[in-house]
2 protein chains.
Amino acid sequence: MPDADKQAANFQRVREAHQVEVAEDYVELIADLIEATGEARAADIARRLGVSHPTVVKAIGRLQRDGLVESLPYRSVFLTESGRAMAERSKRRHEVVLGFLKALGVADETAERDAEGIEHHVSDETLSAFERFIRDSR
Amino acid sequence: MPDADKQAANFQRVREAHQVEVAEDYVELIADLIEATGEARAADIARRLGVSHPTVVKAIGRLQRDGLVESLPYRSVFLTESGRAMAERSKRRHEVVLGFLKALGVADETAERDAEGIEHHVSDETLSAFERFIRDSR
DNA sequence: CAAAACATATAGCCTGGGCTATAGTTCATT
DNA sequence: AATGAACTATAGCCCAGGCTATATGTTTTG
Ligand SMILES: [Mn+2]
Ligand SMILES: [Mn+2]
Ligand SMILES: [Mn+2]
Ligand SMILES: [Mn+2]
């Protein structure tokens, strides 16, 4: 059995990752929507996340409280500076993980499914290893 | 932007994975403790998960409700058949993911940290790709 | 074998992230 | 400009998974 403290620290880290996971997916999606359609509307966010509208409204409230988005009642959602920064990082990680799985020979659809979960648990070091693999396999 | 329905399905899948994630980590840890020390005590589980005792007690209750463990008041915890089966699968996945990250050149400590989160989001297909990579890199 | 130490359980609290049902706004169309 | 459709918000509910403080068992040990 591994060292207890180390093991506990690892589990704690995963729990922390879960706390930011929702925020990462939201800001990434919001950035994509703004880029693709000019604005991020709650209805579209809900549809793409596969979640009800009220769930999105509540989440937007938390994101706003945490300084990641700005939003006015009945208007679409905007990213703050720090929201944009998080979106950038998330998007990049998402793409690296996705590209890595594909480069490894995983089918596109599967890669897309798995990447959505894996992305939140990949450290910088592992991300670099993924990039290296992609580069070397080209 | 990806197809909305497909994207929603992917997010939903991740949410489902999160629902079984805690169960997987518990039963895997319980199996390890039983093997290593002869029994799985709540205090040890709490210590290794980095969580308070009451949190463990409540989780054990849910696991019992879901037919994964058996436990009597003030006694240690046992796995049911289906709990053992889940522990087997989880442990195997954990090991493959860990071995894969190491084979990719990630440092042991980092691999151990990342594996704890990634394991829950790896499909069978991706797991096979990981195994293939391990094999080929030996 | 009693007392202290330890382990476990319970009570009561909190937040996140889901939901449905209902109410209120905005926008497009006629 | 009025109305209907679409969107957004609010209210009120649920469960998972955290916590602290307190109570109750169990085990060890003097
Ligand atoms: Mn993503
Ligand atoms: Mn994701
Ligand atoms: Mn594990
Ligand atoms: Mn895990």
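First the proteins, then the strands, lettered A, B, ... as listed; each starts at 1.
Within 6.0 Å of CG on A:Asp124 lie no more than 12 heavy atoms contributed by other residues, nucleotides or ligands. Other residues, nucleotides and ligands place no more than 12 heavy atoms under 6.0 Å from the CD atom of A:Glu88. Atom CD of A:Glu35 sits in a sparse spot, with 12 or fewer heavy atoms from other residues, nucleotides or ligands closer than 6.0 Å.
The CG atom of A:Asp44 sits 13 Å away from the C1' atom of D:dT8 (whole-angstrom rounding). Between the CZ atom of B:Arg41 and the C1' atom of C:dA5 there is a distance of 13 Å, given to the nearest Å. Distance A:His120 NE2 to C:dG17 P: 12 Å, rounded to the nearest Å. For the pair A:Leu72 CG and D:dC7 C1', the interatomic distance rounds to 16 Å; values are reported in whole Å. C:dT8 atom P lies 10 Å from atom OH of B:Tyr74, rounded to whole Å. Rounded to an integer number of Å, the gap from A:Ile60 CD1 to D:dA9 P is 9 Å. Rounded to a whole Å, the CG atom of A:Leu68 is 13 Å from the P atom of C:dG16. Between A:Glu24 atom CD and C:dG17 atom C1' the separation is 16 Å, expressed in whole Å.
Within the nucleic acid shown, A:Arg47 has no heavy atom closer than 4.0 Å to any nucleic acid atom.
For residues 56-83 of chain B, the set of pairs meeting the salt bridge (charged side-chain N to carboxylate O under 4.0 Å, His left out) definition, not counting sequence neighbours, comprises B:Glu81-B:Arg84.
Side-chain N/O atoms of A:Arg75 include one lying less than 4.0 angstrom from OP1 or OP2 on C:dC27. Taking 4.0 angstrom as the limit, B:Arg65 places none of its side-chain polar atoms (N or O) nearer than this to OP1 or OP2 of D:dC15.
Considering CG of A:Leu104 and OG1 of B:Thr126, their distance stands at 8.0 Å, rounded to 0.5 Å.
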Output one line per pair: protein atom, nucleotide atom from nucleotides 17-19 of chain D, and distance, for all N/O pairs under 3.5 Å.
| residue | atom | partner | partner atom | Å |
| --- | --- | --- | --- | --- |
| D:dG17 | OP2 | B:Arg62 | NE | 2.8 |
| D:dG17 | OP2 | B:Arg62 | NH2 | 3.1 |
| D:dG18 | O6 | B:Lys58 | NZ | 2.3 |
| D:dC19 | OP2 | B:Ser52 | N | 2.8 |
| D:dC19 | OP2 | B:Ser52 | OG | 2.8 |
| D:dC19 | OP2 | B:Thr55 | OG1 | 2.7 |

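Ranked by how close their nearest DNA chain C nucleotide is to the 5' end, A:Pro73 and A:Asp66 are led by A:Asp66.
Outside the 6.0 Å centre-distance limit, the rings of A:His120 and B:His18 are not counted as a close aromatic pair.
Ring geometry for B:Phe100 against B:Phe130 counts as parallel: the plane angle stays under 30°, on a 0 to 90° scale with 60° as the upper cut.
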